[in-house]
> 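Please read through the structure below; I'll follow up with questions.
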Amino acid sequence: MKEINIETWNRRDVYKNFADFTDPFYAITVPVDVTPVKEYSKRNQISFYHTMIWAVTKAVNQVPQFNIRIRDGRLYQLDHVDPNFTILKSGAEVFQYMFLPWKENPVEFSSEVFKEMDRQGDRTFGDFEDTDETVYLTCTPWFDFTALTNPHSSNTDDTIPRIGWGRYYKEGDRLMLHMSIEANHKTIDGYHIGLLKAAIDRVIASMEEM
C-alpha cells in the first residue's frame, strides 16, 4: 500500500470537483459473456456463483483505480483486495455476508466458501474485521436486470466498488448476463469502468484454457 499525493495526482482536479458532492456515486450496467464461466464451473463441478466471484475479484485487482481508498481525507493505493459477498443458503430467505481471501485456483476458492459457510452457520456476519481492502459483490439469480442501485451510509468517501449481476440468459449460443459496476466518481471515471470491463472479459475468456 502506498499513499497518493493528491496535489501531483493526474486526477487532482476531478477529485476536488467531486469532493463536496453529497452523492458522488454512479453505476453503469454492461453485458458480459459468461459462457466460459459456466463451462468451467460445470467441468470442475463447482458453483457458478463462486466462479464469478473469483473471476471478478481477479479482474478488479488488475485495474489499480478500483483499489484506491480514501482514509481521513488522504488517498491510498492498495496492493490487493479480497471479495466481500452475499450468500443465500439453499432453503433460506435471509442472506448472509461473507469475506474470504481470494485464491489463485477457483476450485480451491470455492472449497473455502463452503468451509466458511459451515463455520459461519446461521450468523449474518462471519468472523471478519471491517475493512476497506475489499470489493462488494452480489447477484440476483432469480431475475435479470438492466440497472442496480446500492445502499450507502452518509460516508461520501466510501470508495469500495460495488459489483452485482443478474440471472444469465441465452443469446444465440452464448450465455450472457448484465453486470452493474458502481463506483465513486472521486476516484473512478467511466474510462476506468471500461478498463475493468475489458479485464473481466479477459479473465473470463482465459478460463477456456484452464
> Does a side chain donor of either Thr86 or Thr138 reach within less than 3.5 Å of an acceptor in the other side chain?
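Yes.
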> Side chains of Phe66 and Leu196, heavy atoms from C-beta outward: is any pair under 4.5 Å?
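Sidechains of Leu196 and Phe66: in contact.
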> What closest approach, in Å, do Trp165 and Met179 show between heavy atoms, and which atom pair accounts for it?
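Closest heavy-atom pair between Trp165 and Met179: CE3-CE, 4.0 Å.
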> Tell me whether His50 contacts the main-chain N or O of Ser47 through its side chain, where contact means a donor paired with an acceptor under 3.5 Å.
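Looks like no, no N/O pair under 3.5 Å.
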> By the definition side chain to side chain contact (heavy atoms under 4.5 Å, CB included), identify the one residue from Val203, Ile200, Ile204 that meets it with Lys58.
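Among Val203, Ile200, Ile204, the one meeting side chain to side chain contact (heavy atoms under 4.5 Å, CB included) with Lys58 is Val203.
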> Looking only at atom types and distance, does a side-chain atom of Arg11 sit under 3.5 Å from a main-chain N or O of Trp9, one as donor and one as acceptor?
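The answer is no, because no donor-acceptor pair under 3.5 Å joins these two groups.
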> Hydrogens and angles aside, do Asn150 and His152 bring a side-chain donor and acceptor to less than 3.5 Å of each other?
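No, no side-chain donor-acceptor pair sits under 3.5 Å.
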> Can you give me the closest heavy-atom contact between Met207 and Ala55, atom names plus distance?
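Closest heavy-atom pair between Met207 and Ala55: SD-CB, 4.4 Å.
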> Passes side chain to side chain contact (heavy atoms under 4.5 Å, CB included), Val81 versus Arg69? Steps please.
CA-CA 11 Å; Val81 298; Arg69 300 293 181 266; 3.7 Å; yes
> So, do Leu195 and Ile193 sit near enough that their side-chain heavy atoms are less than 4.5 Å apart?
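Not in contact.
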> Could you walk me through whether Phe25 and His185 pass ring-ring contact (aromatic ring centres under 6.0 Å, His included), step by step?
CA-CA 6 Å; Phe25 309 102; His185 227 324; over 10 Å; no
> What heavy-atom pair brings Glu93 and Leu88 nearest, and what distance separates the two atoms?
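Nearest pair, atom of Glu93 first, then Leu88: C-CD1, 3.8 Å.
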> State whether the number of non-hydrogen atoms from other residues, nucleotides or ligands found under 6.0 Å of Lys42 atom NZ is greater than 12.
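It does not: Lys42 NZ has 12 such atoms or fewer within range.
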> For Arg71, I'd like to know if atom CZ has over 12 heavy atoms of other residues, nucleotides or ligands within 6.0 Å.
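It does: Arg71 CZ has more than 12 such atoms within range.
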> Counting N and O atoms only, with roles assigned by atom type, does the side chain of Asn105 sit under 3.5 Å from a partner on the main chain of Glu108, one being a donor and the other an acceptor?
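Pair found, side chain donor or acceptor close to backbone of Glu108.
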> Ring-plane angle category for Trp54 and Trp102, please: parallel below 30°, perpendicular beyond 60°, tilted otherwise.
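Judged by the thresholds at 30° and 60°, the geometry between Trp54 and Trp102 is parallel.
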> What are the two closest non-hydrogen atoms of Ala205 and Pro36, and how far apart are they?
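Result for this residue pair: CA-CG, 4.5 Å.
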> How far apart are the C-alpha atoms of Val34 and Arg174, what are their side-chain angles, what is the distance that settles it, and do they pass the side chain to side chain contact (heavy atoms under 4.5 Å, CB included) test?
CA-CA 8 Å; Val34 294; Arg174 310 302 291 179; over 6 Å; no
> Please assess Gln120 against Asp127 for the test side chain to side chain contact (heavy atoms under 4.5 Å, CB included), listing each intermediate value before the final yes or no.
CA-CA 8 Å; Gln120 191 165 327; Asp127 297 322; over 6 Å; no
> State which residue, out of Thr146, Asp144, Thr29, Thr140, fulfils the side-chain hydrogen bond (donor to acceptor under 3.5 Å, both in side chains) condition with His178.
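One option only clears the test, and that one is Asp144.
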> For a quick test of reading the model, state the closest non-hydrogen atom pair linking Phe145 to Gly164 and the distance between them.
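Minimum heavy-atom separation between Phe145 and Gly164: CZ-O, 3.6 Å.
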> Tell me, do Pro64 and Gln77 make a side-chain contact under 4.5 Å, heavy atoms counted?
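The answer is yes; the side chains approach within 4.5 Å.
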> Should Glu116 and Arg119 be marked as a salt bridge (charged side-chain N to carboxylate O under 4.0 Å, His left out) after you check the CA-CA gap, both sets of side-chain angles, and the distance that decides it?
CA-CA 5 Å; Glu116 182 59 27; Arg119 285 192 292 266; 2.9 Å; yes
> Between Ile53 and Phe109, is a side chain to side chain contact (heavy atoms under 4.5 Å, CB included) present by the stated rule, with each step listed?
CA-CA 9 Å; Ile53 293 169; Phe109 176 75; 3.7 Å; yes
> Taking C-beta and beyond as the side chain, do Thr187 and Leu75 meet within less than 4.5 Å on heavy atoms?
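Side chain of Thr187 against side chain of Leu75, heavy atoms only: contact under 4.5 Å found.
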> If you look at every heavy atom in Val135 and Val60, which pair is closest and at what distance?
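That closest heavy-atom pairing would be CG2-CG2, 4.3 Å.
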> So for atom CG, which belongs to Asp20, do other residues, nucleotides or ligands contribute more than 12 heavy atoms lying within a distance under 6.0 Å?
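No, because the 6.0 Å sphere around CG of Asp20 holds 12 heavy atoms or fewer from other groups.
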> Apply the test side chain to side chain donor-acceptor pair (under 3.5 Å) to residues Asp33 and Thr35: give CA-CA distance (whole Å), side-chain angles for both, the deciding distance (0.1 Å), then the verdict.
CA-CA 6 Å; Asp33 184 344; Thr35 309; 2.7 Å; yes
> What verdict does the salt bridge (charged side-chain N to carboxylate O under 4.0 Å, His left out) test give for Glu7 and Lys16, after you've listed the backbone C-alpha separation in whole Å, the side-chain angles of each residue and the deciding distance to 0.1 Å?
CA-CA 10 Å; Glu7 294 307 314; Lys16 290 185 176 181; 2.9 Å; yes
> With no hydrogens and no angle check, is any side-chain donor or acceptor of Gln96 less than 3.5 Å from a backbone partner on Gly121?
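Indeed, once roles are kept as given, a pair shorter than 3.5 Å links the two residues.
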> Should we count CG of Asp130 as having more than 12 external heavy atoms under 6.0 Å?
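Not buried by this count: 12 neighbours or fewer within 6.0 Å.
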> Mind checking whether Tyr49 and Phe85 have parallel, tilted or perpendicular rings, split at 30° and 60°?
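Tyr49 vs Phe85 ring planes: perpendicular.
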> Nearest 0.5 Å, what's the CD1-CG distance between Ile70 and Asp158?
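Reported value, rounded in 0.5 Å steps: 9.0 Å.
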> Are any non-hydrogen side-chain atoms of Ile160 and Thr134 less than 4.5 angstrom apart?
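In contact.
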> What do you reckon, is CD of Gln45 surrounded by more than 12 foreign heavy atoms closer than 6.0 Å?
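No, because the 6.0 Å sphere around CD of Gln45 holds 12 heavy atoms or fewer from other groups.
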> With heavy-atom distances below 4.5 Å as the criterion, would you say the side chains of Met117 and Ile87 are in contact?
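Met117 reaches Ile87 side chain to side chain.
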> Side chains of Asn61 and Asn67: donor-acceptor distance under 3.5 Å anywhere?
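Yes, side-chain donor-acceptor contact under 3.5 Å.
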> Apply ring-ring contact (aromatic ring centres under 6.0 Å, His included) to Phe99 and Phe125, showing your working.
CA-CA 9 Å; Phe99 175 86; Phe125 299 94; over 10 Å; no
> Other residues, nucleotides and ligands only: do more than 12 of their heavy atoms fall within 6.0 Å of CG on Asn155?
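More than 12 within 6.0 Å, yes.
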> Going by atom types alone, do Tyr168 and Lys38 pair a side-chain donor with an acceptor below 3.5 Å?
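There is such a pair (donor and acceptor under 3.5 Å, judged by atom type) between the side chains of Tyr168 and Lys38.
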> Between Lys103 and Glu112, does at least one N-O distance fall below 4.0 Å, as a salt bridge requires?
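So Lys103 does not pair with Glu112 through a salt bridge.
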